[in-house]
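Basis for what follows: all heavy atoms, side chains included, without hydrogens, waters or symmetry-related copies. In each ligand, atom 1 is the first atom listed, and ligand 1 is the first ligand listed.
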Amino acid sequence: MAQRLQMQQAQAQAQQQAQAQAALLRQQQQQQAAMQALQQQQQQQLQMQQQQQQQQAARQQPNRQPPPNRNQQNQQRQPPQQHQPPATAPPTNGGGAASMPPPKDLRPKTEDVTATKGNDFEDYFLKRELLMGIFEAGFERPSPIQEESIPIALAGRDILARAKNGTGKTAAFVIPVLEKADSSKAAIQAMILVPTRELALQTSQVCKDLGKHLGFEVMTSTGGSSLKDDILRLYNTVHLLIGTPGRLLDLAQKGVANMSDCKMICMDEADKLLSPEFQPLIEQLIAFMPEIGRAHV
Ligand code: ADP
């Protein structure tokens with residue numbers, strides 16, 4: 001009897017163990033299923049992310065195209081063929097892009113600039129580098145005032161010239177100055193007097209534009225700007241000095257601007273410069289110069 005009881009207990013224990021094992025197995029299977037579901041979810045998320053990235057890349061594709069080559073770029077940047085400058089265009093050519101001539105001025109011209117003798121800039125036997133600067137500034141032929149004055153100034157004669165605004169007077173005296181000055185000589189060789197700071201800056205720009213292949217050091221000095229800066233600048237080479245009479249006289253009197261090699265003097269708007277306000281200053285300034293070739297414009 002006791003034996004039967006023992007056997008029944010043993011069977012019950014075995015059954016309990018089997019049930020416990022089965023429960024454990026089910027739990028493990030459930031955990032595995034949950035893990036698989038999680039992995040699937042992660043994979044789906046990954047795929048979605050990849051798809052989104054591909055779509056974004058597809059949208060950005062046009063911007064990623066390689067940049068067009070130089071020729072294509074130039075074609076895109078070309079101005080329209082019939083480009084006409086606005087009537088209010090500033091009188092200077094502004095320095096422009098590296099070697100591109102400014103757009104052709106198609107406005108009707110008056111005989112102040114058309115009544116030429118038909119001379120060419122090449123007729124004056126100018127330095128090649130100067131001719132390059134002239135043509136790159138968009139000048140094709142000398143204007144009447146330039147035709148009249150350039151050959152005389154090149155011959156070293158004094159000139160008093162008069163012409164309307166916008167007829168090319170600035171280049172009429174700048175071209176001979178650039179031709180006759182020598183950039184290999186470290187000295188002030190020409191002085192260009194103007195009545196205002198604006199005109200000084202404008203004239204300096206013309207000198208730089210037309211003389212851009214000549215290597216001249218052009219300095220502008222006018223009243224109202226720092227004298228100390230001008231003095232420091234004059235410790236370095238200056239070939240062409242452009243400024244208002246009072247300031248240039250100040251620099252000459254202080255011995256900072258050495259005028260002993262300055263054989264050319266130009267006066268732009270000479271009527272103003274020879275007014276009682278300026279005339280005494282100019283006479284003192286001229287006294288600092290050696291024998292002079294003068295161009296009064
Ligand atoms: P002015 O001093 O007589 O008022 P500018 O020297 O300022 O005239 O010249 C007026 C404009 O004519 C400027 O834009 C200048 O670049 C241009 N210019 C000067 N000479 C010539 C030329 N020979 N051919 C074409 N344009 C010129």
Legend entry - Main-chain N/O of K164 paired with K169 side-chain donor or acceptor, under 3.5 Å: yes

Inset, instruction - Enumerate the atoms of ligand 1 whose separation from the nearest heavy atom of R141 is less than 4.0 angstrom. - result: 22 (C), 23 (N), 24 (N)

Legend entry - G166 N/O to ligand 1 N/O under 3.5 Å: yes

Legend entry - Side-chain donor or acceptor of T244 paired with backbone N/O of G223 under 3.5 Å: yes

Legend entry - Heavy-atom side-chain contact between E136 and D209 under 4.5 Å: no

Legend entry - Contact atoms of ligand 1, heavy-atom distance to N165 under 4.0 Å: 4 (O)

Inset, instruction - Flag G168 as yes when one of its N or O atoms lies below 3.5 Å from any N or O atom of ligand 1, and as no otherwise. - result: yes

Inset, instruction - Provide the number and element of each atom of ligand 1 under 4.0 Å from a heavy atom of F121. - result: 23 (N)

Inset, instruction - Indicate yes or no: does an N/O atom of Q202 lie under 3.5 Å from an N/O atom of ligand 1? - result: no

Legend entry - Polar side-chain atom of H213 near backbone of L130 as donor-acceptor pair, under 3.5 Å: no

Inset, instruction - List every atom of ligand 1 that sits less than 4.0 Å from any heavy atom of S143, numbering the atoms from 1 in the order shown and giving each element. - result: 23 (N)

Legend entry - Heavy-atom check, side chain of L240 versus side chain of I192, under 4.5 Å: no

Legend entry - contact_flag A163 ligand 1 heavy-atom lt 4.0 Å: no

Legend entry - K164: numbered ligand 1 atoms lying under 4.0 Å from its heavy atoms: 3 (O)

Legend entry - Q202 and E198: side chain donor to acceptor below 3.5 Å: no

Legend entry - Nearest heavy-atom neighbours spanning L193 and L273: O-CD1, 3.3 Å

